[in-house]
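Counting starts at 1 for both ligands and their atoms, in listed order. The figures here come from the full heavy-atom set of this structure, side chains too, leaving out hydrogens, waters and symmetry mates.
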Amino acid sequence: MTSTAPVVEKLLSNGHNHLHLQDKYVFPPGERPDMSQVCYLYRFPVIDLKDLDGPRRIKVVNEIKRSCEEDGFFQIMNHGVPETVMKSMMGIAKEFFEMRVEDRVCLYSEDPRQAVKVYTSFNVNKDKFFSWKDSLRHPCHPLEEFINSWPQKPTLYREVAGIYAKEIRVLVLRLLAAISEALGQDSDYLNAIFGKHTQEMLINYYPPCPNPDLTFGVVPHSDPSGITVLMQGDVSGLQVLKDGKWFAVEPIPNAFVVNLADQLQVISNGRFKSSEHRAVTNKTTARISIPSFYGPSFDSFIAPAASMVDEEHPALYRGYKFEEYMTAFFGQTLKGKSILDRFKIEVNP
Ligand code: OGA
Ligand code: NI
């Protein structure tokens, strides 16, 4: 159980200048980021979406397909979300975490299922070691249903984040159509499986950390939804696992990071990968990242697509309601792709 310390003391964004790490942030030797092993030279594909809706669509779809098969990770440019909308969102996110902590604590919750909340680490009642971040999380779709539950401060928060969330949805729907085609289906395929759809926004705030070698911003994990579109700002920290090695993802101005999440690995019967990633902290600069998680509604049934299953490719996962997956996800601490593994079909040797 967590301490009964005042909420202001539980948040990292409490205005204190952190001079050292409390014990709960210090990961054991063997479980730390080990920055000396991180590769900084590789660049994951940057896919230009300029031609996605024109005569050269097939070429772009094939690039997306290759990235989905290899790592489930790529960046996109010419994605259609105006630069001004991205900048305003990053600006209001910064304001949110820089306003006095008293204006944030009213949203603090330790309940992983709480829809709108400010919290620290991932799940403080389950995390053995804490991650060096505070977050704001809230649902975004349908917008009219949720916008009135969003933070009231800063005053422009709802307006700015509302415009951003709508733009992200338009972009994601275009990506889902392309990924459906990459799966050999018609463009409406994933849209239909996702039912009423869910879209959630997270704002991660990583304050400067006195000792980045000892802790994480976010521990290694894959995202549980369908697809994640992340604005990572201009401070690096994101790393992706590729062939057993961690690769740093340097920010590209105005690009979005896209990573496939677990539901697409299941639906594609393992042909597409959900990407395993993590974030590390740094000593000098606060970092803000804004992932949008997009996926099925809770009542959607998720299973490997019939067209992906045959004698040579037996079903790797059992079918389930998405709600069951999310209950498993929020009931634990964050740990690699461990939830996905729970839905694997056991093959008898
Ligand atoms: C996440 C995440 C990475 C980052 O919040 O799920 O992976 O760069 N964040 O902050
Ligand atoms: Ni993630």
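For the residue pair D299 / S297, a side-chain donor-acceptor distance below 3.5 Å is found, with atom types taken as modelled. Using a 3.5 Å distance cut-off with no hydrogens or angles, the side chains of K337 and S274 do pair a donor with an acceptor. In this structure, a donor-acceptor pair under 3.5 Å is present between the side chains of N191 and H197. Counting only N and O atoms by type, the side chains of D71 and S275 include no donor and acceptor under 3.5 Å apart.
The proximity of R278 to ligand 1, defined as any non-hydrogen pair under 4.0 Å, does not occur for either the backbone or the side chain. Contacts with ligand 1 closer than 4.0 Å are made by side-chain heavy atoms of L202 only, the backbone lying farther away. Residue Q232 does not touch ligand 1, judged by heavy-atom distances below 4.0 Å. The proximity of D223 to ligand 1, defined as any non-hydrogen pair under 4.0 Å, is limited to the side chain.
For NZ of K245, the number of neighbouring non-hydrogen atoms (other residues, nucleotides, ligands) closer than 6.0 Å is greater than 12. Surrounding CD of E324 are more than 12 heavy atoms belonging to other residues, nucleotides or ligands, all under 6.0 Å away. Within a 6.0 Å sphere centred on CD of Q22, other residues, nucleotides and ligands contribute 12 heavy atoms or fewer.
Classified by interplanar angle (parallel below 30°, tilted 30° to 60°, perpendicular above 60°), the ring pair Y157/W150 is perpendicular.
Judged by distance alone, with hydrogens and angles left aside, the side-chain atoms of H18 form a donor-acceptor pair with the main-chain N or O of L12 at under 3.5 Å.
Close contacts between ligand 1 and P291 involve ligand atoms 5 (O) [criterion: under 4.0 Å to a heavy atom]. Listed by atom number, the atoms of ligand 1 under 4.0 Å from L238 heavy atoms are 3 (C), 8 (O). Taking every non-hydrogen atom of F293 and a distance limit under 4.0 Å, the qualifying atoms of ligand 1 come out as 6 (O).
Considering only non-hydrogen protein atoms, atom 6 (O) of ligand 1 sits nearest to H221 NE2, 3.1 Å. Scanning the protein for heavy atoms near atom 8 (O) of ligand 1, the closest one is R287 NH2, 2.9 Å. The nearest heavy-atom contact from the protein to atom 5 (O) of ligand 1 is N204 ND2, 3.0 Å.
Between F322 and F329, the distance from one ring center to the other does not fall under 6.0 angstrom.
Shown here are the protein N/O/S atoms lying under 2.8 Å from the Ni ion (ligand 2), water excluded: H221 NE2, D223 OD1, H277 NE2.
Taking both residues in full, the closest heavy atoms of L52 and A178 are given as CD1-CB, 4.1 Å, listed atom of the first, atom of the second, then distance.
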